[in-house]
Protein chains: 2
Amino acid sequence: MPHREKGSGPPSIVEVAREAGVSTATAGRVLGGYGQASAASRAKVEDAARRLSYRPNGLARSLIHGSTETVGVIVTDVGNPFFASAVRAITDVVRAAGYEMLLANTDSDPEAERRAIQVMWEKRVDGLIVAPQSPESAERLRALADAGLPLVLLDRPLPALPQVDQVIINNTLCAQRAVAHLVRLGHRRIAVLSEAARDFPRLRDAAPAEGDAERPSAARLVGYAAALRRAGLTPDPGLIVHSPYDRDAATHAVLRLLRRDPGVTALFCTDNVLASGAVAALQRSGRACPDDVSLVGFDDQEWTTLVRPRLTVVRQPNRELGSTAAERLLERIAERRGDGAGDPGTEEAATTGSGTAPDAARDADAQDGQRLVLRGRLIARDSTGPPPAVS
Amino acid sequence: MPHREKGSGPPSIVEVAREAGVSTATAGRVLGGYGQASAASRAKVEDAARRLSYRPNGLARSLIHGSTETVGVIVTDVGNPFFASAVRAITDVVRAAGYEMLLANTDSDPEAERRAIQVMWEKRVDGLIVAPQSPESAERLRALADAGLPLVLLDRPLPALPQVDQVIINNTLCAQRAVAHLVRLGHRRIAVLSEAARDFPRLRDAAPAEGDAERPSAARLVGYAAALRRAGLTPDPGLIVHSPYDRDAATHAVLRLLRRDPGVTALFCTDNVLASGAVAALQRSGRACPDDVSLVGFDDQEWTTLVRPRLTVVRQPNRELGSTAAERLLERIAERRGDGAGDPGTEEAATTGSGTAPDAARDADAQDGQRLVLRGRLIARDSTGPPPAVS
DNA sequence: CTGAAAGCGCTAACAA
DNA sequence: TTGTTAGCGCTTTCAG
């Protein structure tokens, strides 16, 4: 291995140029593949590069070009199979377009999210996909959106940012159907297990159409309430059970519920982690499913067909959620590049009629973020059945 | 586009300096938090920065400092819960140290892996964690290791790279114990379902001590063979079943096996995906578990205690695997930084005794990559029992 | 304490 | 076809 002269660090293009006996410009032209170069110098340069095992410095390149060929992705937890699937799909799509992915977990910690957003911005990602934690995230993201950074919201909408694209599931309707399914089977005392249970007072009277402006857990509660309302049932606060995103916590919450209220005949879980906890709880409680208690989960995972009874669930298109978000982001990135190349004069002129500030053009473009709503669907399996006959 | 207009793109430090009426140097000092600055100019600069919503450009900074505060992670599939857990743990550890993560999936495609390695290198990650696909990966990685890039192998060892740190599981022994458990229960016709089945001829006579130099699937086959050997049984090629990492494929492979060879009384699966396929197959075949067929899986997932019978598995510390790798990497990065600051003269002198080339010092340091072997353990549950009485 | 100027590694005008 | 020369946005001597 030929040792490098200039102390530390990988070789730079000037060292390659020197080794090859050409200028840095020609070296750059052959190594960067952008200009013209004679076969002779091409050979010399490539040879020298190989000898020094040279790799171009992407930082320098990005600094010049103003793009990093990298997209940022911020989720709460890649460990959750739901996000793992979505992230997997995102990587596939962006990689095909030549992008890399910077990934951050926030663990539902607002401070971590703030930091992640800031770092992504400092590292100059070309675009960002984020599953925001809460409405407060909107403030943090607005600055990026205003700066024109391509941005797509994943799974969780942010009504405060109508100018950014959002890719979500029709959670409210799906939940409504899931609960309607239970109602149709004859259930009257239907409990719900949700991370958003505390928000129920605010959500119970929301119109189904408003539901999908909430984060998924909350939207699903809106659907739950709507289904009960349609069936002429009034929600019982005792049946709205809170649990954090943790299987064991969910198990205990359900065990407590069953002990406290033996009359419950059905349970709707707003998420896959909670559903797995509920299955465990039912098994431990000795209640038969679906004979004593029916169960519906949200988010179909592989294990749902392995357990007995096989779980009735709402299946949501996890991978498609990710790939759609990624595609949307790539389009936005491409658009922005296009903008930069266009003549700023004409563009400004074209929008002066409606515009006010000098940069109205870009804002106008960004104003209508697309809202893509992917559809989940109910898959009735064996964990749901008629309630036990009243004693 | 010749030059970017001052308007486009995020504001640079010179615009902030101009707005604040100071030099770029002072602006840099307050915004970068490195020099001294009077309260007066500090206020002016911070104010200007806020007005322009300025964010420092990390690329420029990294270009100067020679570090990006980013680590690369290359795995085959974040969608696989095993890697999802490991990756999750990695992010936690590196984030606590102020690093971000660049993530790439290779999907077991050597070309994708090659590209990923190259891109990580060009983006100048400060270190790299990789789960290599195959022995050929060693060639690709050797260049990075030689260049002194901190590198840690995750889950899959590469004997050809003794100079790099490797964090793995004691797969061979774990598999051996799993199969010994079946032998102890009285099983004689024990099948194995593995992605590495085709390599069995090469692996069958390996010493258990050599097993852990193989990738996990292969190492587990070595353990399988060793356990049989110890029990005085000879492996039957008909019981070594291949399946790719795909649940449905695994299901069909197992169904075929049971049809072809009804005398099988136990099955060992070398991986969680294959195990889930096997559970599905058993359910569909109508064979009772464990009464007709016992089942052991590798890699404990949440669903293993939800299915009935609850699955006997080898549990491996997935998160710890990731966090250990990350910690190791951070140490290596810190070491390298230290090296750079140290006096190269003394260092060379210290190792001249054993060294030969001028740069022997660094190589000598790197020569002994640590090999960290984390331990899995067998958890006997209800899917294993004595074989049915012979008819 | 502050500013001018020299880079980090690369690309892109412009000359030669 | 090639080389020279400015930068990209920031940090960092080195004077003032």
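Counting heavy-atom neighbours within 6.0 Å of A/Gln36 CD, excluding the residue itself, gives a total of 12 or less.
Taking atom CG on B/Leu52 and atom P on D/dG9, their separation rounds to 14 Å, with Å as the unit. The nearest whole Å value for the distance from the NZ atom in A/Lys123 to the P atom in D/dG9 is 18 Å. A straight line from NZ of A/Lys44 to C1' of D/dG3 spans 13 Å, rounded to a whole angstrom. In this structure, A/Arg18 places its CZ atom 14 Å from C1' of C/dG9, rounding to the nearest Å. Between A/Glu122 atom CD and D/dT11 atom P there is a gap of 10 Å when expressed in whole angstrom units. Rounding to whole angstrom units, CD of residue B/Gln36 and P of D/dT12 are separated by 14 Å. The CG-C1' distance, from B/Leu59 to D/dC10, rounds to 11 Å in whole Å. Spacing between atom NE2 of B/His65 and atom P of D/dC10 amounts to 13 Å, rounded to whole angstrom units.
Distances shown here put a side-chain N or O of A/Tyr54 below 4.0 Å from the OP1 or OP2 atom of C/dC10. At the phosphate of C/dT11, OP1 or OP2 sits under 4.0 Å from a side-chain N or O atom of A/Arg61. For B/Thr24, no side-chain nitrogen or oxygen approaches OP1 or OP2 of D/dT11 to under 4.0 Å.
Salt bridge status for A/Arg88 with B/Asp107: present, with a side-chain N to carboxylate O gap under 4.0 Å.
Of the listed nucleotides (D/dG9, C/dT11, C/dA4), D/dG9 has the atom at the smallest distance from the side chain of B/Asn57. Checking D/dC10, D/dG3, C/dG3 against the side-chain heavy atoms of A/Ala25 singles out D/dG3 as nearest. Listed nucleotides D/dT11, C/dG3, D/dG3 differ in distance to B/Val22; the shortest reach to its side chain belongs to C/dG3. For A/Leu63, taking side-chain heavy atoms from C-beta onward, the closest of the listed nucleotides D/dG9, D/dT4, C/dA4 is D/dG9. Out of D/dC10, C/dA12, D/dT2, the shortest distance to the side chain of A/Ser38 is found at D/dT2.
A/Ser41 comes within 4.0 angstrom of the backbone, heavy atoms only, and of no base. Using a 4.0 Å heavy-atom distance criterion, A/Ala37 is classed as a sugar-phosphate-only contact.
Checking A/Arg337 against A/Ser67 by side-chain atom types alone, a donor-acceptor pair falls below 3.5 Å. Judged by distance alone, the side chains of B/Thr76 and B/Gln133 never bring a donor and an acceptor atom under 3.5 Å apart.
Toward the 5′ end of DNA chain C lies the nearest nucleotide of B/Thr26, the other residue of the pair B/Thr26 and B/Arg124 mapping further downstream. Both B/Arg29 and B/Gly58 sit near DNA chain D, but only B/Gly58 has its closest nucleotide nearer the 5' end. Residues B/Ile64 and B/Ala40 both approach DNA chain C. Their nearest nucleotides, taken by heavy-atom distance, put B/Ala40 toward the 5′ side.
Proximity of a side-chain donor or acceptor of A/Ser53 to a complementary backbone N or O of A/Arg50 within less than 3.5 Å is not detected.
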Checklist entry - After noting the C-alpha distance and the side-chain angles of A/Thr106 and A/Arg115, does the key distance pass the side-chain contact (heavy atoms from CB on, under 4.5 Å) rule? => result CA-CA 9 Å; A/Thr106 63; A/Arg115 204 188 81 99; over 6 Å; no
